[in-house]
Amino acid sequence: MEFGVYTFVETRRDSDTGRPIAVERTLAETMAEIELADRVGLDVFALGEHHRPDYAVSAPAVALAYAAARTSRIRLSSAVTILSSDDPVRVYQQFATLDLLSGGRAEIMAGRGSFIESFPLFGYSLDDYDELFAEKLDLLLKIRAAERVTWEGRLRPSIDDLGVYPRALQSPLPVWIAVGGTPQSVARAGTLGLPLALAIIGGEPARFAPIANLYREAAKRAGHDPATLALAINGHGFLADTAEAATAAFYEPYVETMSRLGRERGWPRLTRDQYETGRSPRGHLIVGTPQEAIDKILALRAIFGCQRYLMQMRVGLMPHEAVMRSIELFGTVVAPAVRKALAEPA
């Protein structure tokens, strides 16, 4: 089983204007976190793509290329690449370049994104929301499959026997489909035989078990062996030496962020009771001690048969030092313990 961290790289904001400040410091701290994750033996670090003032990374491949020069083994992924509003040729070229620079450590986690700012920014209509993703994913997969591409689309200009360069070191370049539980997206990933990253950011994880079943059933019906397809669970979490220390660092930034984003969607403010329910043994949050994390990840493995778990530790303006300690505990205590438990005979 693989373990990793993903982050949206939240910016510090001026309390009066709401504009980001000290973005260079935020990015520098993120690079230090990636370096530490590499040193302590984690398998993956992923950066989200956003086009808002509250997030610092709009070009994950650029930031990951910088991280590639400062790490040696950790896999470097987007989380996610908003494929609907990007061009698949450029996406492939950027991540193929990252793959070459990193010695074959690049991955694309493709999704439709949880925000819509990129659509008007790049001149796309939200009326084409679903079709844009399907069409561009089709082109991206054709590009990674062959050096020369012939492809016809409706929303993106067609390509007639043209080459796309450079070619990635990995063949094929890994492309994961990231979903929040939409059945259509889950079935698409299974039908195409692509690895699936399922984000669980609310509710009981056990209730998402049918999503995993749908994914594997769709794969089987399309002629793929479900046993060969990887499933990742992505979720919010934070580790400290004590449960009290974990909550002290995580609670306020988490509640502020989830409540602020919730207001944009018409949701009520997150309550302390909801937070504690999320932290409970059957809840979606992995916030507490390493042993609590070990128990919850093993429970996720039992529910989903997942091959990867990625933790989003920065949810809001988390203290950098606390995030570094969380990463250290994840890599040196949690991951080895889970691997050992999975290796033991049933």
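By convention here, the first residue in the shown sequence is residue 1. Owing to the predicted nature of the structure, the values given are computational and were not obtained by experimental measurement.
Checked against the 6.0 Å centroid criterion, the rings of Phe115 and His51 do not qualify as a close aromatic pair. Ring to ring, Tyr129 and Phe119 are close: their centroids are under 6.0 angstrom apart.
For the side chain to side chain donor-acceptor pair (under 3.5 Å) test, residues two or more places apart in sequence or in another chain that qualify with Tyr275 are Thr247.
Between the side chain of Glu147 and the main chain of Arg167, no donor-acceptor pair closer than 3.5 Å is present. Side chain of Thr81 to backbone of Leu83: no donor-acceptor contact under 3.5 angstrom is found. One N or O on the side chain of Thr150 and one on the backbone of Asp161 form a donor-acceptor pair closer than 3.5 Å. The main-chain N or O of Ser118 is never found under 3.5 Å from a side-chain atom of Tyr124 such that the two would form a donor-acceptor pair. Checked by atom type and distance alone, the side chain of Lys142 never pairs as donor or acceptor with a backbone atom of Leu137 at under 3.5 Å. No donor-acceptor distance shorter than 3.5 angstrom exists from the side chain of Arg282 to the backbone of Arg279, with no hydrogens or angles considered. Put simply, the side chain of Ser326 never gets that close to the backbone of Val323: no donor and acceptor are under 3.5 Å apart. A distance-only check finds no donor-acceptor pair linking the side chain of Thr71 to the backbone of Arg73 [under 3.5 Å].
The environment of CZ in Arg90 is sparse: at most 12 heavy-atom neighbours from other residues, nucleotides or ligands sit within 6.0 Å.
Residues Phe45 and Leu27 fall within the same hydrophobic cluster, defined by Ile, Leu, Val, Met, Phe, Trp and Tyr side chains chained together at heavy-atom separations under 4.5 Å. Hydrophobic clustering, with ILVMFWY side chains joined whenever heavy atoms are under 4.5 angstrom apart, keeps Tyr6 apart from Ile233. Phe8 and Met318 are not part of a single hydrophobic cluster, where members link through side-chain heavy atoms under 4.5 Å apart. Two different hydrophobic clusters hold Ile211 and Met109 under the rule that ILVMFWY side chains link at heavy-atom gaps under 4.5 Å. Residue Tyr254 is grouped with residue Val287 when hydrophobic side chains (ILVMFWY) are merged at heavy-atom distances under 4.5 angstrom, including chains of intermediate members.
Residues Val44 and Arg308 meet the side-chain proximity criterion, which asks for heavy atoms closer than 4.5 Å. Between Ile286 and Leu300, the closest side-chain pair of non-hydrogen atoms falls below 4.5 Å. Looking at Phe3 and Arg339, their side chains come closer than 4.5 Å, going by heavy atoms from C-beta outward. Two residues are said to be in side-chain contact when any heavy atoms from C-beta on lie closer than 4.5 Å; Asp86 and Ile82 fail this criterion. Here the side chains of Gln93 and Tyr165 are not in contact, with every heavy-atom distance at 4.5 Å or above. Taking 4.5 Å as the limit, every side-chain heavy atom of Asp128 sits out of range of all side-chain heavy atoms of Glu135. The shortest distance between side-chain heavy atoms of Arg156 and Leu139 falls below 4.5 Å. Put simply, the side chain of Pro253 does not reach to within 4.5 Å of the side chain of Val315, judged on heavy atoms.
When all heavy atoms of Pro174 and Arg75 are compared, the pair lying nearest together is CG-NH2, 3.5 Å. When all heavy atoms of Pro157 and Trp151 are compared, the closest pair comes out as O-CZ3, 3.6 Å. When every heavy atom of Asp99 is checked against every heavy atom of Arg105, the shortest pair comes out as OD1-N, 3.2 Å. Scanning both residues, Pro319 and Ala249, for their nearest heavy atoms gives CD-O, 4.0 Å. Closest heavy-atom contact between Phe304 and Arg216: O-NH2, 2.8 Å. Nearest heavy atom pair, residue Ser77 against residue Leu64, reads O-CD1, 3.3 Å.
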Decide side chain to side chain contact (heavy atoms under 4.5 Å, CB included) for Met311 and His236; before the verdict, give the C-alpha distance in whole Å, the side-chain angles of both, and the deciding distance to 0.1 Å. CA-CA 6 Å; Met311 181 180 290; His236 295 152; over 6 Å; no
If you apply the rule side chain to side chain contact (heavy atoms under 4.5 Å, CB included), what do you find for Trp267 with Leu261, and how did you get there? CA-CA 8 Å; Trp267 301 341; Leu261 297 178; over 6 Å; no
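A salt bridge links Arg325 to Asp241: at least one charged side-chain nitrogen sits closer than 4.0 Å to a carboxylate oxygen.
A donor atom on one side chain and an acceptor atom on the other are found under 3.5 Å apart for Arg112 and Ser185.
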